[in-house]
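This report refers to the structure that appears directly beneath it.
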There are 2 protein chains.
Amino acid sequence: MPAASEARRPSPAAEPKGKGRGRRGTRASGDDRERAILETAERLLEERPLSEISVDDLAKGAGISRPTFYFYFPSKDAVVLTIIDRLVAAAAGSREEALATLAQGDPHAGLRRGLEDLYGAFRERRAVVLAAAELRTTNQEARDLWAEVMEGWVADVTAVIEVERARGAAPPGEPARDLAIALVQMNERVQYATFADESPSLADDRVLDVLVDIWLRAIYGTAEPG
Amino acid sequence: MPAASEARRPSPAAEPKGKGRGRRGTRASGDDRERAILETAERLLEERPLSEISVDDLAKGAGISRPTFYFYFPSKDAVVLTIIDRLVAAAAGSREEALATLAQGDPHAGLRRGLEDLYGAFRERRAVVLAAAELRTTNQEARDLWAEVMEGWVADVTAVIEVERARGAAPPGEPARDLAIALVQMNERVQYATFADESPSLADDRVLDVLVDIWLRAIYGTAEPG
DNA sequence: GAACTCTATCAACACTGTGTCGAGTGTGTC
DNA sequence: GACACACTCGACACAGTGTTGATAGAGTTC
């Protein structure tokens, strides 16, 4: 059985050459293939679940043989982790923005804007979100990456709740972090169900209304915070 | 690739013999092996994830060869589905009881009792819950089974919310079913995270307090319903 | 322009796991 | 004692993963 941690950076030389980690010089053909593999993976994930995509599919899609695939990535999982990294980076952008909106003024509007941005960012990459969930069940690195992301959101939400309580806008109640964990996990699950079109799931255009309603009631004790 | 639907009933004769579906007569040795396979699966699932358990492991554990395993079950997934069936049946018991408690009297206490029973039933079989989640990502039958379970809970909770609104105990708000979906999915996710000991997750003894608090606020608009 | 290096490529291999086939072996029954 | 039937497993075919080793070509370097 392979060791727990696999490198997902496709850099051919195992350790960073020299000290910097800049891109390779003029040499380009390798980068092209790398990109072709990533694009093939994203395309195939729109069509079918990760478990039904083989290394051979990725190689064929990128116009190379299976062994050549292993020159660029150590495994199929590494490809998907690279794709998830990008999603996470994009989502981090939305988060910054959302926090800023929330900080000044009306919590209802701010919260809705925040959840909206995040939902939008994920919906745009539905296939990647579903693949991430699938990978998490078998891959420790995927679990760690997702845990890090969740921790970030929980920390943000915890801070928001504490600020609102301190300024008297929100009543005291369960520990802010506990509340934040449950709310963030609810969002994850509800959004996933909608993306996967599960059997009980919210319609796409109902997700935000319902989530915002529950967040406001959980934090402020009412849907119309003062 | 195998067809979508696999039988999980281990009965050797493909179709139910005669018309009833009673157990086989005096013949016993087969049933023993079947039970041994199921017990081995449950035991191994306490030790490691489903993806790291092979058909050979199950066969060895039950003291038979791999081909013989296939005499009893069509696949590893079928074994796990049988185990999940049992969990679901046990959980259905808790649900009946919980609804009864809820029907007469204090919603706070009733709701807490209900969520408590369910949480307890699942925590007792943590390993099976985790295996079910893993299986759901690759197995359509597992998805269908789980969807059915979720639909049942959502229907119950929807009914409770509607009754509470009709009798004026709960204020109007988002459609009852939408609210129910989000709350039930929140519970699933929060409980899973705690069972899996994920990085942001609620401590075992915090789960119920936090979930009940959010449910009450979401349904009644306050944590102290009248 | 011969030797040397470094990226890139793939046929062939070794291995793990799944599921099937067909040839058994024992036990009970008519 | 022969027929059926439940049960068992060695041997096979197949799909997928990851590795090895040989090689091709492009770009220095002297």
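Treat the numbers as computed from the prediction; the structure is a model and nothing was measured. Below, chain A is the first sequence line, B the second, and so on; all start at residue 1.
Using a 4.0 Å cut-off between charged nitrogen and carboxylate oxygen, A:R35 and A:D31 do not count as a salt-bridge pair. A salt bridge does not link B:K60 with B:D57: none of the charged nitrogens is closer than 4.0 Å to a carboxylate oxygen. Salt-bridge annotation for B:E198 and B:R189: present, with a side-chain N of the basic residue lying under 4.0 Å from a carboxylate O of the acidic one.
What separates CG of B:D31 from C1' of D:dC7 is a distance of 13 Å, to the nearest Å. Taking atom NZ of A:K60 as the reference point, atom C1' of D:dG16 lies 12 Å away to the nearest angstrom. Between the CG atom of A:L50 and the P atom of D:dG16 there is a distance of 14 Å, given to the nearest Å. Computed from coordinates, the B:F71 CZ to C:dG19 P distance equals 17 Å when rounded to whole Å. Computed from coordinates, the B:Y72 OH to C:dT20 C1' distance equals 18 Å when rounded to whole Å. With rounding to whole Å, A:F69 atom CZ is found 17 Å from D:dT20 atom P. In this structure, the CD1 atom of B:I37 is 11 Å from the P atom of D:dC7, given to the nearest Å.
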Residues B:E134, A:T137; criterion side chain to side chain donor-acceptor pair (under 3.5 Å); working and verdict: CA-CA 6 Å; B:E134 201 177 333; A:T137 66; 5.2 Å; no
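Between B:Y72 and B:V79 there is no side-chain heavy-atom pair separated by less than 4.5 Å.
Between B:F195 and B:Y119, the angle of the ring planes stays under 30°, which puts this pair in the parallel group of the 30/60° scheme.
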Measure all distances between protein nitrogen or oxygen atoms and nitrogen or oxygen atoms of nucleotides 16-18 of chain C, and list the pairs falling under 3.5 Å.
residue : atom : partner : partner atom : Å
C:dT18  : OP1  : B:V55   : N            : 3.2
C:dT18  : OP2  : B:V55   : N            : 3.4
C:dT18  : O4   : B:R66   : NH2          : 3.3

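Residue B:T68 has a polar side-chain atom (N or O) positioned under 4.0 Å from OP1 or OP2 of D:dC9.
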